Structure formats: structure tokens, C-alpha cells
Amino acid sequence: MAELEKKSPADVDDPKAIETAVNENQKKLEALSLLAPEDGGVGGGGPPLLDDYDDDSQIQAVASSGTVYESATTFEDLKLTPELLKGLHDEMGFSRPSKIQAVTLPMILTPPYQNLVAQAHNGSGKTTCFVLGMLSRVDPSRRIPQAICICPTRELAQQNKSVLMRMSKFTGITCASAISPALKDYMPISKMAPVTDQVVIGTSGTLIKWITNKKLATRDIKILVFDEADHMLAEENFMSDSKRIMRDIQSSAGDCQLLLFSATFNEKVKDFITKVIKEGNQIFVKKEDLTLDKVKQYKVRVPDEIAKIEVIRDKIFEFGQKVGQVIIFVRTKISTMHLHNALTKEDYVCSSIQGSLDHSEREKVIQEFKDGYTKVLISTDLLARGFDQSQVNLVINYDMPIKYNSRDEPDYEVYLHRIGRAGRFGRKGAVFNLLCGETDDILMTKIENYFQHKVQEVPSWESEENFETVLKDAGLLE
DNA sequence: ATATTAG
């Protein structure tokens, strides 16, 4: 017991763990205690829980308003409706809040409803935070949109909607997904009925289309959520869409609560966002503490591009499928197809997805993968963020992620999001970075330095034994 | 490069 008590306070007291991203103009700042809920060391028993995952210890929060929030030990502490509690326990199977949920839910749900910018590790339960936020703030008896969530991809919007629908099972709240329909379902906007669902989750383009065509009334919006917020507010096209939606809501509904969630907020984005979102609470994680301990990263040096395909074929298909599902990330749409063709030509079964695939085809590929029919999925960065499939234990970086207009500058955020597709909710996972040539070595080294995390090398790309050994080390093989 | 619209 004494050991348990010592551990967490040390993390919070460590001055190096305390971030300095606090605006000077914020008057009263109160660092919050982020200690894990005291579970008395009972150990609980029962199925593995969301909050068995304990890597959030380095989270640091700042309350800007002088409000003191008490971290929630149980979902019951949050004064959620009985219907929502039933959804959490019976439908979702959650028993206690994870750390990010324990910290942010009081901030989201306590009046006066403050804005929140929150960063937390991949797979730590951010979706539940903002879904509960939306569900708690809408009035189920009023059939008009009251909450909007903006996502970067159709897939993420649909995934978030399905989480929300499960959680809201006993509440009577309904949800619309604002994504462009598959071609076969196309209908002119003029024929569309106005939205009466309380919650709308979608991609920016379609949300704007619905708003400008008066199909989505914004005058009663109380809460606006940005999933993958750093991406939605930093990347140029997304940013203008996001600002536009914020303006529309502001002009018709006035101030509404803003929730910004992501696993990554680089310094530039953090600066920008804390300027735009002046008031509210903030939670950030140091980049050095952001990689998941349970997801082991490896680098594999290969002599040429052909060798990458051989590694996929002989090692990944050999071992990868044994350990669960696999996602292979490539840089371009065209190489998605090339790799897919190269593998299918030799009778290996896999599927692939990228943005120019027909919408209904995309849905089919995702459904088959989520149902477990396909084990290996090749993807562009379409799936880099947010995609949640607990069976994915292995991620392959066939191409390293690089910044736009650059050859040797890695995209650190994309890297972190990609590897976060493995190791959902504290599960074990492994990542293989396939490196070919000097540039890839430079990229890998920069990534190691940025996250202050040494990536172990697989000695020989040709050795089955080597792959077997590291997968055992990662805890994926017996 | 990748993603989101446009009909």
C-alpha cells in the first residue's frame, strides 16, 4: 500500500512533468490532482477494465476559471442520468472511468460549462469523454439538434456515431451522421428532411452543406466537439471549415461549449488553439510521455522496395495473422493498390482502403475488417487517426509518414496516431517500421529523438527467428 | 503526400 501511495504523487510533483503551456493572461490557475482513483488496492476481479490502463500518469491539467473540479472515482459521481449509467455499465461494459475520463468528465459536465482542450494517449477512452458530454447536455424531449461533433473522416464519424448510439441505448436520444452519401444513395439536398436528431456527428463538408441549406438548425447547439482537434484546426482546409461551423453556431446560438480532443497537439498547434480558445480548461501530455509502453516499436532495414513486399509476405502473413489483425500503412493511394495487387497476385488475402475508393466500397472494407473477416488491411493515412479495432495488434509502416512538401522531415503526429491503432485500451501490440535507404534511417532517428524513445532493430529482415523473437518480446506470441 | 466538400 505504501508503495502505491508514493508512486502517483511523485509523478505529479515532478517539475519536469509539469508543462508550461499556460497563458500568462489566465488569472487563477489551479493544478489539479490527477491521482488515480483510490481503488483501495482491492484489485477488483472481473473482466479487464478500461482503467486497468495506467499510462495517463503524466497528464497535466490546468483549470482556467478558478473552478475546482474533483476527479471522478466512479461514473456515479458524475450525476449522470440513470439511463446513461445503464448504458455505460450494461451496454458498454464499463465499470469505472479511465484516467482521462475521471479528469475531464467533471470539467465537461459541471456548470458553468467551460470549454475544454484535452490531450490523452491513444486508446485511453477519449471518445467516451465527449460522447458522454454530448449525451448529458442534450434534452431528449426536444427534437432539435443540440450537439455537433466534427470528424476528419467518414469512417471516424460513423465509428463515433455507433459508440454514441450504444451508450445512449436507454436514453431515447437519436443521432444523425452528416457524411456524404454513397453514390447509390445520392439525393439532392433540397429533398432532404430537416434534422430532428439531438446529436449530429459528421465530416466538415457535409455539415456545412446541411447548415447552409437550412437542414441542420444550429440555434439550439449547446456543445460542439472536435474529434482529432489538432488536425481539424491546424490543417488548412479543415481549419477554414471548422471556423465556418463555429461562426455559424456563434451567430445563431451564441456561445456554446467547445470540446477539443486529440492524442497529439504539437507546440505550434497548441499555441494557436490556446489563442483561439481563450477561456476554458486545458489538459496536455508531454510528447516524451505519449508513446504507449505496451506497444513495442521495431525497425527493419531492408535493401530495396521488393524486400518490403517479401517481409510482408513471408513474415507478416506468417506471424502477423497469428497475433491478431494487421494494418499496413502506405503513403499514397496508388501504392495502396500496388501493394494490394502484388499480394493478391500471389493468393494472399488482404483488403485495402483509401480515399478515392467508392464510398460504399469503403464501408464494405471497414465492415469486413471490423467483423474480423479480413485480417490484413492496407491503408493510407485515412485510417491513421481514431480507427478503433481492438483486434489490431500489429501495425506496419510500409512507408514512413513524412510532412507535406518534405522528404526527410517525419510527420510525428501521424506516426504516433498510426502506432496507436495497435494497443487499444492497454492491450499489447507491435509496430514494424520498414526502412529502406538513408532517408528512412534519418526519418526513424528523428522520430526516436522527438519522442525520446529508442526503437529496437530487428537484426535481419530475412530471419524468421528474428521476427518470432521480437513478437514474443512484445508479448504477442507464446 | 493524406483527408474533407462539389452532384
Side-chain angles (χ1 to χ4, degrees), chain A residues 148-161 177-192 200-213 215-216 225-246 248 262 264 266 269 327-339 352-363 365-366 377-387 395 397-421 439-440 443:
Chain A
I148 293 177
C149 173
I150 311 178
C151 310
T153 63
R154 301 162 51 86
E155 283 70 18
L156 203 45
Q158 284 181 307
Q159 180 179 285
N160 287 335
K161 184 193 169 188
S177 61
I179 58 177
S180 60
L183 212 53
K184 62 175 175 55
D185 298 324
Y186 173 72
M187 186 211 292
I189 182 89
S190 57
K191 294 198 174 156
M192 179 185 154
V200 182
I201 301 180
T203 50
S204 56
T206 303
L207 283 166
I208 288 175
K209 189 175 165 185
W210 286 14
I211 293 170
T212 50
N213 285 280
K215 302 298 183 184
L216 170 53
V225 177
F226 289 91
D227 193 9
E228 307 299 343
D230 61 324
H231 198 222
M232 297 310 295
L233 290 165
E235 207 279 338
E236 278 196 30
N237 292 319
F238 277 134
M239 178 169 73
S240 55
D241 281 2
S242 296
K243 281 182 165 169
R244 164 110 191 249
I245 294 167
M246 282 197 275
D248 285 341
S262 182
T264 52
N266 69 34
V269 175
I327 299 181
I328 303 172
F329 283 108
V330 295
R331 201 172 56 88
T332 64
K333 296 174 183 177
I334 197 86
S335 46
T336 310
M337 295 189 287
H338 286 159
L339 181 57
S352 67
I353 188 168
Q354 36 88 6
S356 46
L357 224 55
D358 181 75
H359 291 168
S360 52
E361 188 64 23
R362 277 167 70 165
E363 276 167 34
V365 169
I366 292 292
L377 178 57
I378 305 163
S379 175
T380 57
D381 284 323
L382 170 70
L383 292 188
R385 285 171 174 261
F387 182 67
V395 166
N397 280 323
Y398 187 88
D399 300 310
M400 296 300 281
I402 52 175
K403 286 210 171 99
Y404 184 46
N405 273 345
S406 136
R407 282 189 60 81
D408 57 4
E409 190 58 16
D411 191 321
Y412 302 104
E413 285 72 38
V414 169
Y415 180 82
L416 196 90
H417 283 281
R418 282 183 180 185
I419 69 173
R421 294 321 96 211
T439 313
D440 282 350
L443 292 168

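First the proteins, then the strands, lettered A, B, ... as listed; each starts at 1. The structure displayed is predicted, hence computed values, not measured ones.
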Taking distance alone, no hydrogens or angles, what donor-acceptor pairs closer than 3.5 Å link side-chain atoms of residues 379-386 of chain A to residues at least two apart or in another chain?
| residue | atom | partner | partner atom | Å |
| --- | --- | --- | --- | --- |
| Thr380(A) | OG1 | Leu382(A) | N | 3.3 |
| Asp381(A) | OD1 | Arg418(A) | NE | 2.7 |
| Asp381(A) | OD1 | Arg418(A) | NH2 | 3.1 |
| Asp381(A) | OD2 | Arg418(A) | NH2 | 3.4 |
| Arg385(A) | NH1 | Glu228(A) | OE1 | 2.8 |
| Arg385(A) | NH1 | Asp230(A) | OD1 | 2.9 |
| Arg385(A) | NH1 | His417(A) | NE2 | 3.2 |
| Arg385(A) | NH2 | Asp230(A) | OD2 | 3.0 |

Using a 4.0 Å cut-off on protein heavy atoms (strictly under), produce a 5'-to-3' string for nucleotides 2-7 of chain B with B for base contact, S for backbone-only sugar-phosphate contact, and - for none.
SBSSSB
Quick one: list whatever passes side chain to side chain donor-acceptor pair (under 3.5 Å) with [X], sequence neighbours left out.
| X | value |
| --- | --- |
| Ser180(A) | Arg154(A) |
| Gln354(A) | Ser356(A) |
| Asp241(A) | Ser204(A) |

I'd like to check the ring-ring contact (aromatic ring centres under 6.0 Å, His included) partners of His231(A); sequence neighbours left out, ordered by chain and number.
Phe238(A)
